[in-house]
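Comments concern the structure below.
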There are 2 protein chains.
Amino acid sequence: MERDPVRAAVTLHDVAREAGVSLATASRALNGSTRKVNDAYRERVLAAAARLNYSPNLSAQAIARGTTTTVALLVADIADPYFSQIAAGVVREADSQGLIVTMAATERDAERELELVRALRGQRPRVMILAASRRDDDPSAEALAAELAAYESTGGRVAFISESGAAFREVRLENRAGGEALARALVALGYRSFAAIGGAEGIRTADDRLAGFRAGLESEGATLDRVVRPDFTRDGGYAGMQQLIADGLEGIEAVFAVNDVMAVGAMSALRDGGLVPGVDVAVAGFDDIPTVRDVTPALTTVRLPLEEIGRRALQLALGEAGDDGTPLATEVVVRASTPARG
Amino acid sequence: MERDPVRAAVTLHDVAREAGVSLATASRALNGSTRKVNDAYRERVLAAAARLNYSPNLSAQAIARGTTTTVALLVADIADPYFSQIAAGVVREADSQGLIVTMAATERDAERELELVRALRGQRPRVMILAASRRDDDPSAEALAAELAAYESTGGRVAFISESGAAFREVRLENRAGGEALARALVALGYRSFAAIGGAEGIRTADDRLAGFRAGLESEGATLDRVVRPDFTRDGGYAGMQQLIADGLEGIEAVFAVNDVMAVGAMSALRDGGLVPGVDVAVAGFDDIPTVRDVTPALTTVRLPLEEIGRRALQLALGEAGDDGTPLATEVVVRASTPARG
DNA sequence: CCTAGCAGGGAAAACGCTTACCAAGGGCGG
DNA sequence: CCGCCCTTGGTAAGCGTTTTCCCTGCTAGG
């Protein structure tokens, strides 16, 4: 594993010398400048660069050009399919634009998020995409907004996924409307009494979905009888359902978990409690992560085009998609976990 | 959404002026240098920096210091739980070391991988972690090795996850041994005749697992009767199982899919084909992604500590973990998808 | 044939930082 | 009380690029 002593990387200077031209010419030859360079020279430079395996130092370019090709992405947790799907969209779009993605995880901690924004700002990314979940009670929200405003005032662009609560661009998710539509769909299937597993209070996404769901139920004359609020994770969903079971599930026909990973955990809790999801009690989720096609019964949910969301967030930040672009298609997908009820 | 005209970002120069000290002093005050700076001065500088909301330009630091704080991560597809778990580990470890992760996706294309390595090299990352799956027949493998060697010769460090096929550091996964152990475990449960869903030929990871599995079976006197080789994805797993069903599943007691996402797809294919996984035919996978606890029946698999793998890869590249560190715990996890057989 | 204009190469400044080197001041040993 | 050394602030060089500006040598028009 031991290698030759470290030699310095090949610089443009080396290429220029090798090609027998000036630094300026080498620079112009290697990346489209407005200036034309003689074909013979260009050839020589390109050949020299290839021979030396030259790779331009992006930091140096950034500092000379005053602009980078970086986009920064902040998620709560990349291992969570919701975020990893979004991240995939961002990465794909970035790639198609020749941009490089740097990623950090807030671990659902607002303090950390602020620190990370500060740190990432040092990169002078062209764009920052914040996908980590907003909270209502976030004490550092103001500081975050200030930090981001400072970032934007120096030419950066911020895009939030879901609501920013401040004046930044955002890919708005139809959390409320989705919850509402799901409620109506379930009522239409014959369900009348519901419980919900909601995710810790204050998480905007969770709250909106829940509020929409409740509104949808009420508009149809159905009721949301119980709500538990565990963690916004698979294990939270499991625990939430356990709690519902412990408190007595009688009379509850369907349980809505505000996201799919929780719903999936909830179904496992049901099963471990000796109940059959979709038979003893219906379950529905939100997001339509890939997994839900493969659990049994397949999960009814609200589809969010997650990858598209990531892609859109980047486009939006780059100023390519209008702020008023077509809204993202959100759609209730009914599957076996909520069979029609006699 | 329109904001003030873009003003230039605050520079160290501004901070120094604001604090009434020299550039050098400001620099020394703001980041641990070997030199001490008078407390009064330090205070002034810190205050000025805070007042101006100064954020050091990382590119400039990189170029001045001759070293970055970046680690580059290459995965096949971040939306795949295998990679997203690994990425989570890398990100977490990087964070704890004050490093920033830049990520790119090869989309399972060796050409793209090479391009990405070239592009990422421009960042002068401290470390490059390659998690994208190696292939045996890869025509650009040599070019890749050359590129990486060049990168290492200028002080970079490469770490592969799984075998590099070349002289780079690597976190070796016990793919073969894991497959073998799984085979033995299944035989011990009473299974005798098997099929496998293998992932396209040439993918080293898939081939190793399969070879290990086959070896394990043979050493126990059992047989691997059929092998199909669809894509290395969930849909590949589904298609693979469909093919097995179409060709007739009679006599096959258990199916091994070389990774969990394929296994999960395969179980769905079984179910859609009117068969019950774990009852009509047993199914086992490899990786132990979180999902497999929640499918029905829960999936028997070989656990890989994915997040730990990501973390280790980074430590290894940074030279913190010995090359000969304790091997990663790989363990067969028997669940309901492979019930003991009479 | 002369000159205005343009094409294109090269020198050097600039980008925002770090750090080697210099210089000045203060403490301390003899 | 003198000289040294140590401490610490400042000056300036340097990192690898891009880009402005200058300058030369052609071309083309009159």
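Just so we're clear, the structure is a prediction, and the values are computed from it rather than from any experiment. All chains are named by letter (A, B, ...) in the order of the sequence lines, taking the proteins before the strands, and each is independently numbered beginning at 1.
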Could you walk me through whether B:N31 and B:R65 satisfy the side chain to side chain donor-acceptor pair (under 3.5 Å) test, starting with their C-alpha distance in whole Å, then the side-chain angles of each, then the deciding distance to 0.1 Å, before giving a yes or no? CA-CA 12 Å; B:N31 42 54; B:R65 300 212 242 246; 4.6 Å; no

Run through B:E111, B:E147, B:E113 and flag the one making a salt bridge (charged side-chain N to carboxylate O under 4.0 Å, His left out) with B:R118. B:E147

Rounded to the Å, how far apart are A:N38 CG and C:dG10 C1'? 14 Å

Distance, nearest 0.5 Å, that separates [atom1] of [X] from [atom2] of [Y]:
X: A:L328; Y: A:R312; atom1: CG; atom2: CZ; answer: 4.5 Å
X: B:L318; Y: B:Q315; atom1: CG; atom2: CD; answer: 8.0 Å
X: A:Q61; Y: B:I63; atom1: CD; atom2: CD1; answer: 10.5 Å
X: A:E307; Y: A:Q85; atom1: CD; atom2: CD; answer: 7.0 Å
X: B:L12; Y: B:L52; atom1: CG; atom2: CG; answer: 11.0 Å

Which pairs would a plain distance check flag for residues 72-84 of chain A, meaning a side-chain donor or acceptor within less than 3.5 Å of a matching protein atom at least two apart in sequence or in another chain?
unit_1	atom_1	unit_2	atom_2	d
A:D77	OD1	A:A79	N	2.9
A:D80	OD1	A:Y82	N	2.8
A:D80	OD2	A:R108	NH2	3.4
A:S84	OG	A:P81	O	3.4

Side-chain contact, heavy-atom cut-off 4.5 Å: B:L148 with B:E152? no

Would you mind checking if [Y] and [X] are paired as a salt bridge, meaning a charged N to carboxylate O distance below 4.0 Å?
X: B:R311; Y: B:E308; answer: yes
X: B:R17; Y: B:D14; answer: yes
X: B:R44; Y: B:E18; answer: no

For side chain to side chain contact (heavy atoms under 4.5 Å, CB included), just list the numbers for A:F160 and A:R172, CA-CA rounded to whole Å, side-chain angles, deciding distance to a tenth of an Å, and then say yes or no. CA-CA 8 Å; A:F160 274 85; A:R172 183 166 272 141; over 6 Å; no

Which residues within residues 114-123 of chain A lie with some heavy atom under 4.0 Å of an atom in DNA chain D? none

Which residue, A:A26 or B:S22, contacts DNA chain D at a nucleotide closer to its 5' end, judged by nearest heavy atom? B:S22

Note the angle between the end axes of the helix from C:dC1-D:dG30 to C:dG30-D:dC1, five pairs defining each, rounded to 10 degrees. 40°

Distances under 3.5 Å between protein N/O atoms and the N/O atoms of nucleotides 21-27 of chain C, please, pair by pair.
unit_1	atom_1	unit_2	atom_2	d
C:dC21	N4	B:R35	NH1	3.1

I'd like to know if the side chain of B:S22 reaches the main chain of B:T25, judged simply by a donor and an acceptor atom lying under 3.5 Å from each other, with no hydrogens or angles considered. yes

Just by distance, with hydrogens left out, do B:R126 and B:T67 show a side-chain donor and acceptor under 3.5 Å apart? yes

Strictly under 4.0 angstrom, non-hydrogen atoms only: write out the protein contact profile of nucleotides 12-17 of chain C, one letter per nucleotide from the 5' end, B, S or -. ---BBB

Where chain A begins and ends its contact with DNA chain D, read 5' to 3' at 4.0 Å from heavy atoms: D:dG16 to D:dC21

